[in-house]
Amino acid sequence: MIQSAAPAELNRTSPLREAYLEGYRWMLLARLLDDKLASLYRGGKIHGGVFLGRGQEALSVAIGLALKRGDVFAPLVRDLAGRLAFGETVLDVVRTFMGSVLGPMRGRDGNVHRGRPREGMLPMISHLGAMTAVVNGMLLARRMKGEHGTVGVSCVGDGATSTGSFHEALNQAAIERLPLVLVVANNRYAYSTPNPRQFACRDLVDRAVGYGVTGHSLDGTDLAECLRVMAEAVRLAREGGGPQLVVAHLLRLCGHGEHDDAGYIEARVKESALGRDCLRVAEERILAESWVERAAVEAWQAERAQLVEEAVAKVQREPGPDPFEEDWLTLATGHLAEGDSSNQSS
Amino acid sequence: MSVTYLEAIREAQARALRQDPRVFIYGQDVGVFGGAFKATKNLAREFPGRVIDAPISEDAIVGLAVGAAIEGMRPVVEIQFADFSSVGFNQIVNQAATLYWRTQVPCPITIRLPSGGTSGSGPFHSQSLESVYSHYPGLVVMTPATVEDAYGMLLEAIAIDDPVIFCEHKLLYYHLKAEQLPTEALPAGRARIARAGRDLTIVAYSAMVHESLAAAEELVSEGYQVEVVDLRSVKPLDTDTVMASVARTGRLLCVGESWPWGGVSAEVIARVASEGYDLLDAPPQRLNAKDTPVPFHPHLWAAHRPTARSVTNAARKLLRS
Ligand SMILES: Cc1ncc(C[n+]2csc(CCOP(=O)(O)OP(=O)(O)O)c2C)c(N)n1
Ligand SMILES: [Mg+2]
C-alpha cells in the first residue's frame, strides 16, 4: 500500500521534482495509450500488429525529455513514451495504428512505422539497425550546412546490436565524431532469443571502447537514473563529445507483440529487480517523496485516460485510405513514374 | 580535345558541386585519392569538405545519404564496384526507395554503380545490377551508353528529387570518347534511336548498345538494315519509342548484360508482346549474359556476355526467321 502524505507536508524543493513529475506524466499517458491499443487489438479493431513499450517507459521518456525541438529522434518499437515527450501527438499514434488516412502515414504504413522526418522524427523501417545511419546523415548534413548544437538519438534493442547496420553506423558516427546518442534498450530478449544467444561480451556497454565512443549504463526501471544519464549523454554529444552509447537494463513487460504471450521469459528474470515496473516504481517514489498528493496522481490518470478515449473515438470515425483515390506512385518526380502503365491488364 | 566517358562523369560531378551547395560526394577512397577509377580526381581539393572518404560500410554509406537527403542535401554516393551495393541493398531498396512514398519527403540521392564486366575482373567485380534495382518501386535506374549521356544523365540524376541508381559501365570508362561535353541532353525516360533501320529492332542499353551497333554494321554487308534503340534509362522504360521502332521493323531482339531470368530484356519483351503483338512478324528474342557468375578468364568472360558476334548471330537468325 502506498501511503499518501498530508498536503501540508508536500515537498516542492527537490531539484528532481519537476523533471520527474513531467516524465511520470508522459509515462502514464504512454502506458494508458498502450493499454488502449492492446484492448483495441484484442477487440479486432486494429489491423496488423500491435507492439507495446510496457516496462520501457522510463528510459524512453528520458530520451524524449533530453532532446529539444530541432533535434533528431529515431525511436523504435517500444518508444511511445519518448515519442510523446518529444512532440508526437496522440492522434498521430492512434491514426497510424487504426489506419486513418488522416494520419502521417495515410494508411501506407502502420503501427510503429510512423514519423515526420521534417520535424526530426524518423519513421522506422522494420529492418533492425537501419535507422542509425540515417540519423548520422542528418547530423552530418547539419554540420555541413553550418548548423550546430543539435543532437540525434537512435534507439535499438539488444537484438539489433547483432546487425551489421548497427556496427557500420556506430563506427561511422565515431569516425565523423557526430553528436549521436545510440541508446540500446537491453530488455534481455530479442523476440524469444535471450542475451546469451545474441552476444558473448560481458556487457554491451563494453563495446563503447572498441568503437572509440563514450559508454553509459543505466537502470531502466529507475526514472531518476534514466533522466540523469540520458541528460548527461545528450549534453556530452551536444557539446562536441562525439557519439555516446547508452545501454539500459530493463525488461519488456509484455509480449514481443500483442500476439505473443512471452512465455519464454524466465520467472527468475521477471522476479528480479529488472522485472520491476518502472511506472509503478515512479509512482511510489512520487508519493514517498511527497512531491504531490495521491489525488493529483489520480487526476492525472483520469485526464490522460480521457484524452486517449477521445482520440480513439475521433479516429474511429475517420476514413481509411481509398484505393481509388491513391495515386499508386512512388516517385516525387511525377513524369518519371511508371505507375501502372506496365500492368495493362489491371 | 576529347573527353572520355569517365571524364564526363567526373566533370558532371564537378559541375554539380560547383553549381549546387547541397551536393556532396561520399564513397570509399573518393577523397584525395580520387576514387578507385579516378572518377572524383581532384574534386576533394577543389571542393574541400564536400568529397568525403567513407569506411567500407555500404549499408551506412547509403543510410547516411538518405539522412542527408532528408536534410535537403543532394548526396552522390560512389559504390566502389556495383557488386558491393549488395551490402547496401537494404538501405537502397527499403530506406531510400520507400521514403517518399511513406512520408512525402523526397529522397534525392544518386548512387553511382561502376558496373559491368571487364576482362579479368571475375565474379565480384563485374556485375550488372540494373534489373535487380529496376524491380523495386521508388528507384530511377539510368544506364548511359555514351559520353554525352554519362554527363547529361548524371547531372539530371543529381537534380532529380528521387533516388537514382546510376549504372556507369566500366568498359566504357576509358575508350569511349566524344569531341566535347554536350550542352543539352535528352531527359531520362526517353530512349534514343542510336541507329536507324527497317528490318530489325535491337533494344539495348549501356555497353550493349555498342555491341549492338557493331552487329548492325556487320549485317549491312548481308543487306540488312538494323535499328538500334538505346534505352538510356531502364526505369522508367520508354515503351513508346520501342513500340514505334518495332512497328517499323516487325522484329525485336533485346540485349542486356545482366542475367537472363527476369530483368530488363524480359520486361521489354513482355511489354511488346502484350501491347504490340500485332506488330511482330516473328517471335521476339533476347540475349543476355549466361546464367552463371561472371567468369574471370578472358576466354570464358568473352563467351559469358553478349558481344558483337553473338548479337550478330542472334540478329541474323531472327532476320531469317
Ligand atoms: C533485420 C531484421 N531481422 C529480423 C527482424 C524481425 N524482428 C523484429 S523485432 C525482432 C526482435 C528485436 O529484438 P530487440 O532488438 O532486442 O528489440 P526488442 O523487441 O526487444 O525491443 C526481430 C527478430 C527485423 N525486424 N529486422
Ligand atoms: Mg530486446
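Computed from a predicted structure; not experimentally measured.
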A:M105, part contacting chain B, at a heavy-atom distance under 4.5 Å: both

Residue pairs fulfilling side-chain hydrogen bond (donor to acceptor under 3.5 Å, both in side chains) with at least one residue in residues 62-81 of chain B, sequence neighbours excluded: A:R142-B:E71, A:K145-B:E71, B:D29-B:Q80, B:R74-B:D161, B:E78-B:R112

Which of B:R102, B:M73, B:R22 touches chain A most, by non-hydrogen pairs under 4.5 Å: B:R102

Centroid-centroid distance, A:Y41 to A:F51, less than 6.0 Å: no

Distance-only side-chain donor-acceptor flag, B:S131 / B:S258, under 3.5 Å: yes

Between B:P106, B:A270, B:P137, B:A54, the one whose heavy-atom pairs under 4.5 Å with chain A are most numerous: B:P137

Partner chain B: residue of A:R114, A:M131, A:H127, A:R108 with the largest heavy-atom pair count (under 4.5 Å): A:R108

Which atoms of A:L140 approach chain B - backbone, side chain, both or neither, heavy atom under 4.5 Å: side chain

Pair B:E267 + B:R271: basic N to acidic O under 4.0 Å: yes

Top contributor to chain A interface from B:V105, B:V66, B:V140 [non-hydrogen pairs under 4.5 Å]: B:V105

Ion pair check, A:R106 and A:D92, cut-off under 4.0 Å: no

Backbone of A:G242 reached by a side-chain donor or acceptor of A:Q244 within 3.5 Å: yes

Top contributor to chain B interface from A:A169, A:A332, A:S126 [non-hydrogen pairs under 4.5 Å]: A:A332

Toward chain B, the part of A:R116 with a non-hydrogen atom under 4.5 Å: neither

Region of B:L139 in contact with chain A, defined by heavy-atom distances below 4.5 Å: backbone

Top contributor to chain B interface from A:T132, A:N136, A:I125, A:N171 [non-hydrogen pairs under 4.5 Å]: A:I125

Choice from B:V87, B:T98, B:N94, B:I160 maximising heavy atom contacts with chain A below 4.5 Å: B:N94

Residue part contacting chain B, namely of A:L122, when any heavy atom lies under 4.5 Å: side chain

Chain A contact via B:V62 - side chain, backbone, both or neither, heavy atoms under 4.5 Å: neither

Portion of A:I175 that has a non-hydrogen atom of chain B nearer than 4.5 angstrom: side chain

Top of A:G129, A:G115, A:G152, A:A141 for chain B proximity - count of heavy-atom pairs under 4.5 angstrom: A:A141

Side-chain (B:N288) to main-chain (B:S265) donor-acceptor, under 3.5 angstrom: no

Region of B:A65 that comes under 4.5 Å of a non-hydrogen atom in chain A: neither

Donor + acceptor pair across side chains of B:S57, A:Q172 (<3.5 Å): no

B:K235 (side chain) donor-acceptor with B:S134 (main chain) under 3.5 angstrom: yes

Between B:E58 and B:Q91, a side-chain donor and acceptor under 3.5 Å: no

Contact leader toward chain B among A:S165, A:G137, A:A173, where contacts are heavy-atom pairs under 4.5 Å: A:G137

Shortest non-hydrogen contact from A:G241 toward A:T214: O-OG1, 4.4 Å

Near-ring test A:Y211/A:H167, centroid separation under 6.0 angstrom: yes

Proximity breakdown for A:P104 and chain B, heavy-atom pairs closer than 4.5 Å: backbone

Option in A:L139, A:T333, A:L331 with maximal non-hydrogen atom pairs under 4.5 Å from chain B: A:L331

